[in-house]
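All remarks here apply to the structure that follows.
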Amino acid sequence: QVHLVETGGGLVQAGGSLSISCALSGDPLNSAVMGWFRQHPGQEREFVAAIRWGGGTPRYADSVKGRFTMSRDNTKNMVYLRVNSLRPGETAIYYCASTRLGSLFGTFDAWGQGTQVTVSS
């Protein structure tokens, strides 16, 4: 099993930037792919980005391509999401997730508690 903890959320003005982080603890062999999701108030959780611990190009949701960057640090078991040019509608709880499966399109089986990102207009 793995345990995920997100940090770095906060309040940012529209057009601004923010970095959020996720620390993985437990057995890293139980994690092949890491993902970021977000949940807007009153809506379903949606996919944002995913990356393999083993390398390769991250996958992004179309709505964030060119503005968000997901990265990883295998030595620290950390993943990051740099969010640029934030829009007011992107206020959400951002969740880190992990899956044992190697696909960037698969189902995630471990979740963090989430970190709030609030974008003011």
Side-chain angles (χ1 to χ4, degrees):
Q1 286 190 342
V2 298
H3 182 60
L4 306 175
V5 177
E6 304 95 334
T7 55
L11 176 65
V12 62
Q13 287 190 329
S17 299
L18 193 68
S19 289
I20 53 179
S21 304
C22 174
L24 181 151
S25 60
D27 188 353
L29 294 180
N30 283 327
S31 177
V33 171
M34 297 291 291
W36 285 102
F37 290 74
R38 64 187 179 187
Q39 187 168 19
H40 300 92
Q43 297 186 27
E44 296 289 322
R45 194 175 300 182
E46 66 176 13
F47 170 79
V48 174
I51 193 169
R52 290 188 181 90
W53 285 114
T57 303
R59 174 195 169 208
Y60 297 97
D62 288 344
S63 59
V64 306
K65 281 181 182 176
R67 297 186 299 119
F68 289 17
T69 302
M70 185 174 184
S71 60
R72 57 181 171 78
D73 185 335
N74 293 47
T75 65
K76 298 179 179 178
N77 290 334
M78 297 279 295
V79 293
Y80 309 93
L81 187 69
R82 176 69 177 177
V83 297
N84 295 324
S85 302
L86 279 164
R87 303 162 180 168
E90 292 184 307
T91 291
I93 299 174
Y94 284 70
Y95 295 91
C96 176
S98 169
T99 175
R100 305 176 188 187
L101 303 177
S103 172
L104 297 179
F105 296 84
T107 301
F108 289 77
D109 51 33
W111 296 85
Q113 82 289 348
T115 186
Q116 177 71 46
V117 173
T118 301
V119 185
S120 63
S121 56

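We use all heavy atoms of the structure for the numbers below, so side chains are in, but hydrogens, waters and symmetry mates are not.
Taken from CG in Leu86 to OG in Ser17, the straight-line distance is 6.5 Å, to the nearest 0.5 Å. To the nearest 0.5 Å, the span separating CG on Asp109 from CG on Leu101 amounts to 7.0 Å. Here the OG1-CD distance, from Thr7 to Gln113, works out to 9.0 Å after rounding to the nearest 0.5 Å.
Side chain of Asn30 to backbone of Arg100: no donor-acceptor contact under 3.5 angstrom is found. In this structure a side-chain-to-backbone donor-acceptor pair under 3.5 Å is missing from Arg82 to Thr69. A donor-acceptor pair under 3.5 Å is absent between the side-chain atoms of Arg52 and the main chain of Ala32, judged by distance alone.
For the pair Cys96 and Val79, the minimum side-chain heavy-atom distance is below 4.5 Å. Considering only heavy atoms from C-beta on, Phe68 comes within 4.5 Å of Glu90 through its side chain. Put simply, the side chain of Val83 does not reach to within 4.5 Å of the side chain of Arg67, judged on heavy atoms. With contacts defined as side-chain heavy-atom distances shorter than 4.5 Å, the pair Thr99/Ser31 does not qualify. Contact of the Val33 side chain with the Phe108 side chain is registered, since non-hydrogen atoms from C-beta on lie closer than 4.5 Å. Counting only heavy atoms from C-beta outward, the side chains of Thr118 and Val12 never approach each other to under 4.5 Å.
Heavy atoms only, all atoms of each residue included: Ser121 and Ala14 are closest at CA-CB, 4.3 Å. Residues Ile93 and Gly114 approach most closely at CG2-CA, 3.8 Å, considering heavy atoms. For Val2 against Ala110, the heavy-atom pair with the smallest separation is CG2-CB, 3.6 Å. The two residues Leu81 and Trp36 make their nearest non-hydrogen contact at CB-NE1, 3.5 Å. When every heavy atom of Gly54 is checked against every heavy atom of Arg72, the shortest pair comes out as C-NH2, 4.2 Å.
A continuous path of hydrophobic side-chain contacts links Leu4 to Val117 [ILVMFWY only; heavy atoms under 4.5 Å]. Cluster annotation: Trp53 is not connected to Phe105 through the hydrophobic network of ILVMFWY side chains, with a link wherever side-chain heavy atoms come within less than 4.5 Å. Hydrophobic clustering keeps Tyr95 apart from Val119 (ILVMFWY residues linked when any side-chain heavy atoms are closer than 4.5 Å, directly or through intermediates).
Taking the side-chain contact (heavy atoms from CB on, under 4.5 Å) definition, one finds that Thr115 meets it with Glu6, Ile20, Tyr94, sequence neighbours left out. Partners of Asp27 under the side chain to side chain donor-acceptor pair (under 3.5 Å) rule, at least two apart in sequence or in another chain, do not exist in this structure.
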Could you please spell out the steps behind the side chain to side chain contact (heavy atoms under 4.5 Å, CB included) verdict for Met34 and Leu24? CA-CA 10 Å; Met34 297 291 291; Leu24 181 151; 3.8 Å; yes
Taking distance alone, no hydrogens or angles, what donor-acceptor pairs closer than 3.5 Å link side-chain atoms of residues 43-51 to residues at least two apart or in another chain?
{"residue": "Glu46", "atom": "OE2", "partner": "Arg38", "partner atom": "NE", "Å": "2.5"}
{"residue": "Glu46", "atom": "OE2", "partner": "Arg38", "partner atom": "NH2", "Å": "3.2"}

